[in-house]
Peer 1: 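Pasting a structure here, questions to come.
Chain identifiers are assigned alphabetically (A, B, ...) following the order of the sequence lines, protein sequences preceding nucleic acid strands; residue numbering begins at 1 within each chain. Note: hydrogens, waters and symmetry copies are ignored here, and every other heavy atom, side chains too, is used.
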Amino acid sequence: MTTIKFTFNGKAIELTTDPSRRFLDVLRNDLRHTGPKEGCGEGECGACAVLINGHIVNSCILPLANVHQQEVMTIEAFSKTKRYAIIEEAFIHEGSVQCGICIPGMIIATESLLNKNPDPTESEIRIGLSGNLCRCTGYNMIVKAVQRAKERGRGLW
Amino acid sequence: MSTINRSVPKVDAKDKISGKMLYVSDLHIDGMYYAKTVRSTISKGFIKSITLPELPEEVTVVDYRDIPGKNNVKMIFEDWPVFAEKAISHYGEPIMLVVGPNKAIVQDVVNEIDIQYTLAEPVFDMVNSVVDYHFTKGNPESAFKNAKRTIKYTYETGYQEQAYIEPQGFIGTIEGNKVHLTGSIQAPYYVKNAVVETLACDPSDVRIVQANVGGAFGGKEEFPSLIGCQLAVALKKVKKPIKLIYEREEDMEVTTKRHPAKITMEAAIDENHHISAIKAHVGIDGGAFTGLSSVVLSRAMIAATSAYTIAHLQVDGDVYLTNTVPNGAFRGFGAPQMIFAVEMFMNHIAKDLSKDLHAYRLNHLAKQHDLTTTSGTFRDPILMPQMIEKACEMSDYHHKKTLYERPGSYKGIGMSWFLHGCGFTGSGEAEHIKAKVKLRKDEQDNVHLMIAAVDMGQGAKTTLMKVAAEVLKRPLETIHFDNPDTDQVPDSGPTVASRTAMVVGGLVARAAKQIKDNWVDGKVQTVHESYKQPEYMSWDQATFTGDAYPAYSWGVNVVEVEVDKASYEVTVKNIWSVYDVGKSLDDNIVLGQADGGTAQGVAYGYLEVMRHKDGKIVNKNMTDYVIPTAVDMAKTETVLFDNPFALGPYGAKGAGELTLVGGAPAVATAIEMAINKRIYKIPATPEYLMELIHSDNN
Ligand code: FES
Ligand code: FES
């Protein structure tokens, strides 16, 4: 048992538990935030992605200890932001959503990518999304959504 | 002409994007227990003994002795046990569930259970046939007797894993005698009927609700019936809410996959170099239990000449059982294997006869009024010549072909032409499914679709709601469609076989018309509709004769590749597709199906490798089983041709599977061009390409 302190969706929190636990389990079971999904549990699919200090991280292979003193944001809080509204509109407009299980992770990946590079080329977008697997869409409509988001969201990132 | 194809925002998109949408593993019930499956660690043999550790308080094991009814997962044949009794038929076969309030403790108990076996010799080759079908068209014998020459090749295809991103799972509760299961499923009534048989209970004591589904592709057609039955038995015994979610490796090791196949094609060539007859043998590996394999085999056999018309045919097929994971439904359902074989065979024949590939294939293309493989009729217009021309123009096919055919280019462009029979094969719809739908208008004049159709990402909700809105001339917001609950909705059949838009959509349109015609403001009104077979259809299952499908969708895929000279790695550069799905009910949805289906079909041809070793799946996680990423996936360009089908809603035919079935031969023929060798099996991996490049007799 250790006490881990971090900023969770804008609020400072403390958890006293086994620090080696998977952060995804802490999110889903202890904090009841089910926006991050479990697709593979081995860091391959990106369904469990969260933002840590603005960068995408797969929470299924992250020990809780690693978020100590960090800023964590999940889709639940990101979905309240202006940037999210732009990304959401783009995903709806382009028809990028099928079963949806990969989509919260894709949104996190989009935010992380545009954070780093507000004007990515198509191939940079593909590379930026390549840690997130989608079995339904074949990615093209997701790539188009990111292109639309970056255009319509100029100045936000 | 209707403008229904204009895209609207998908009705469930917002909740999915924001992460609010709950899938089965997101559901939580206070005080719920967790279940884990104990599985065999041998491929064939008998259980000698099972030694349980001392069970912690509140932990229960559930096995075949707890089954009140039949130890069988209700499908077509009775050979798939809910829990193994003595005999073990494949590695990973379920033997019992361990259930308890603490997941970690449940897992510890699973690890401590000691099972001893008597080993038997497993069978991994396709030798043990349990289903064999045969049919003929015309007089193949005499055509072969009069042939100027014959050409024969064998083609092989491997496993393919659905790889939905959400693993299988259920959550269940029990109240009195009533079992209530919520799961990631495609066929609520399949699960219900199976659970009723296993529990030997009154049908009203089983309630199945579809949870939001995170991808299925056929993988959640029949397999969830097995998990549902196991969980129902556990609920009866434990009497607590129980959650059973597969982990990724478990899912990939033990759930059904696309059948590996071995297909031998022999053609009789007449004096005009035309194919006068074909003999085909289709062998598919069913794995340990028959499951749906017989139906998969039928669809494969009926696709024996795909988009071509051949006058005389003899088609034979077998389902072989092996001591491996049972294979089952996967988007395309036998057609991808067959269409790969047909397309490669057509190319190989043209090469053997030194004919122009394109012209030779065009000469054999099916035309309206031709007889199908089963001597039914292609009744509707066939637009393939225009579609092929369009595909060639979009892709600059002919020009690129001339460039890439130069030796040493290591570039290739390949093309596939194909059809897909829409809906169930043969009399399945009329005799077995007998789909029913119900529409209910409430006092606020909202119309509720009470149907068992499942939205698993393919857009069934938006599509069917649009159909109702369009017929009623009412805003989409006034139409409601909840996830099916067998306590509420009639059996409109499973969400499979590209039947939902065409068949269920057709019933929804008819029911909506009834409401419209009898509309009274502010009054509750309920209507029912049920499936009627088109009058022109006749089918004889014993001889495989007649109209196997009410309609056909058609497609053309063009794939451009580059092969690395040193590593033989294939890069897909571009994909162009042209589809005739009758009438698109929403362009974004159909184009999304096209992108996703084509990605799966192309990857099946060169990228996705799954093998077993001694019956144990080797590629059992997303690291070892590679599916395309955004980088692997080429840009796609898709064009839809309108060709409305009289009996589909607004002319719609099937779309979901069509987009997958032509991918593999398109990429394989492109690779053939790039390396100037012939491909006989998929996936065309770098190792296989190396073998081909270094072999002299290819
Ligand atoms: S669940 Fe974390 S990467 Fe797949
Ligand atoms: S939308 Fe289904 S996995 Fe991406």
Peer 1: What's the spacing between A:Thr34 OG1 and B:Met21 CE if we round to 0.5 Å?
Peer 2: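 Atom-to-atom, A:Thr34:OG1 and B:Met21:CE are 11.5 Å apart.
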Peer 1: Let's test your reading of the structure: which of A:Gly43, A:Cys134, A:Gly100, A:Gly131 forms the most heavy-atom pairs below 4.5 Å with chain B?
Peer 2: A:Gly100
Peer 1: So which residue, A:Glu76, A:His33, A:Glu42, ends up with the most heavy-atom pairs under 4.5 Å with chain B?
Peer 2: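 Option with the greatest count: A:Glu42.
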Peer 1: Heavy-atom distance under 4.5 Å to chain A: side chain of B:Leu591, backbone, both or neither?
Peer 2: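 Both backbone and side chain.
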Peer 1: Keeping A:Arg135 on the side-chain end and B:Gln162 on the backbone end, is there a donor-acceptor pair under 3.5 Å?
Peer 2: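 Yes, because the side chain of A:Arg135 sits within donor-acceptor range (under 3.5 Å) of the backbone of B:Gln162.
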Peer 1: Knowing that exactly one of B:Lys10, B:Lys16, B:Gln458 qualifies, which makes a side-chain contact (heavy atoms from CB on, under 4.5 Å) with A:Gln98?
Peer 2: B:Lys10
Peer 1: Using non-hydrogen atoms only, which part of B:Ala216 is less than 4.5 Å away from chain A: side chain, backbone, both, or neither?
Peer 2: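 Neither the backbone nor the side chain of B:Ala216 comes within 4.5 Å of chain A.
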Peer 1: Relative to chain A, which of B:Val8, B:Thr636, B:Asp26, B:Asn588 shows the most heavy atom pairs under 4.5 Å?
Peer 2: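 That would be B:Asp26.
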Peer 1: Does CD in A:Glu71 sit with more than 12 non-hydrogen atoms of other residues, nucleotides or ligands closer than 6.0 Å?
Peer 2: no
Peer 1: Would you mind telling me which of A:Val143, A:Ile87, A:Ile75, A:Leu129 has the largest number of heavy-atom pairs within less than 4.5 Å of chain B?
Peer 2: A:Ile75
Peer 1: If I compare all heavy atoms of B:Ala13 with all of A:Ile92, which pair ends up nearest, and what's the gap?
Peer 2: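 Closest approach of B:Ala13 to A:Ile92: CB-CG1, 4.1 Å.
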Peer 1: Between A:Arg126 and B:Thr629, is there a side-chain donor-acceptor contact under 3.5 Å, judged purely by atom types and distance?
Peer 2: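 Their side chains do not contain a donor-acceptor pair, so the 3.5 Å distance test is not met.
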Peer 1: Calculate, to the nearest 0.5 Å, the distance between atoms OG and CE belonging to A:Ser130 and B:Met633 respectively.
Peer 2: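 Answer for the OG-CE pair, A:Ser130 versus B:Met633, is 15.0 Å.
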Peer 1: Pick one of side chain, backbone, both or neither for A:His93, based on which atoms fall under 4.5 Å of a heavy atom in chain B.
Peer 2: backbone
Peer 1: Write down the atom of A:Cys99, the atom of B:Gly214, and the distance for their closest heavy-atom approach.
Peer 2: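 For A:Cys99 versus B:Gly214, the nearest heavy atoms are SG-C, 3.3 Å.
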Peer 1: Which residue is it: A:Lys37, A:Arg28, A:Glu38? I am looking for the one with a side-chain hydrogen bond (donor to acceptor under 3.5 Å, both in side chains) to B:Ser25.
Peer 2: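 Looking at A:Lys37, A:Arg28, A:Glu38, the match for B:Ser25 under the side-chain hydrogen bond (donor to acceptor under 3.5 Å, both in side chains) is A:Arg28.
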Peer 1: Quick one: what part of B:Gln593 sits under 4.5 Å from any heavy atom of chain A, side chain, backbone, both or neither?
Peer 2: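 Both the backbone and the side chain of B:Gln593 come within 4.5 Å of chain A.
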Peer 1: Please flag which part of B:Met456 lies under 4.5 Å from any non-hydrogen atom of chain A: side chain, backbone, both or neither.
Peer 2: backbone
Peer 1: What closest approach, in Å, do A:Gly39 and B:Pro167 show between heavy atoms, and which atom pair accounts for it?
Peer 2: O-CG, 3.9 Å
Peer 1: I need the minimum non-hydrogen distance between A:Leu133 and B:Pro628, along with the two atoms involved.
Peer 2: CD2-O, 4.0 Å
Peer 1: Could you tell me which portion of B:Met622 (side chain, backbone, both or neither) has an atom closer than 4.5 angstrom to a non-hydrogen atom of chain A?
Peer 2: both
Peer 1: Which answer fits B:Val213, side chain, backbone, both or neither, if we ask what part of it has an atom under 4.5 Å from a heavy atom of chain A?
Peer 2: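 Contact with chain A involves the backbone of B:Val213 alone.
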Peer 1: Any idea which of B:Lys20, B:Glu166, B:Lys14 has the most non-hydrogen atom pairs under 4.5 angstrom with chain A?
Peer 2: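 Between B:Lys20, B:Glu166, B:Lys14, the count favours B:Lys14.
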Peer 1: Between A:Glu44 and chain B, which part of the residue has a heavy atom less than 4.5 Å away: side chain, backbone, both or neither?
Peer 2: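 For A:Glu44, side-chain heavy atoms alone lie under 4.5 Å from chain B.
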Peer 1: Taking all non-hydrogen atoms of both residues into account, name the closest pair between A:Pro104 and B:Gly19 and its distance.
Peer 2: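 Of all heavy-atom pairs spanning A:Pro104 and B:Gly19, the closest is CG-CA, 3.8 Å.
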Peer 1: Do we see a donor-acceptor contact under 3.5 Å between the side chains of B:Asp595 and A:Thr137?
Peer 2: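 The answer is no; no qualifying pair exists.
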Peer 1: Identify the heavy atoms of A:Gly138 and B:Ala599 that sit nearest to each other, and give their distance.
Peer 2: CA-CB, 3.9 Å
Peer 1: Measuring heavy-atom distances to chain B, does A:Tyr84 have an atom under 4.5 Å in its side chain, in its backbone, in both, or in neither?
Peer 2: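 Contact with chain B involves the side chain of A:Tyr84 alone.
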Peer 1: Counting only heavy atoms closer than 4.5 Å, note whether A:Glu122 contacts chain B via side chain, backbone, both or neither.
Peer 2: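 When you check distances to chain B, only side chain atoms of A:Glu122 fall under 4.5 Å.
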Peer 1: Heavy-atom count around A:Arg154 CZ within 6.0 Å, excluding the residue itself: above 12?
Peer 2: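 Result for CZ/A:Arg154: enclosed.
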Peer 1: Is there a side-chain contact between A:Cys136 and B:Tyr164, using heavy atoms and a 4.5 Å cut-off?
Peer 2: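 A:Cys136 does not reach B:Tyr164 side chain to side chain.
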Peer 1: Rounded to the nearest 0.5 Å, what separates atom CG in B:Asn621 from atom SG in A:Cys45?
Peer 2: 11.5 Å
Peer 1: Please classify the contact of B:Ala630 with chain A as side chain, backbone, both or neither, using a heavy-atom distance under 4.5 Å.
Peer 2: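 Both parts, backbone and side chain.
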Peer 1: Side chain from CB out, backbone as N, CA, C, O: work out which of these in A:Ile107 comes under 4.5 Å of a heavy atom of chain B, or both, or neither.
Peer 2: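 Just its side chain gets close to chain B.
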Peer 1: Sort B:Pro9 into side chain, backbone, both or neither according to what part of it lies under 4.5 angstrom from a heavy atom of chain A.
Peer 2: both
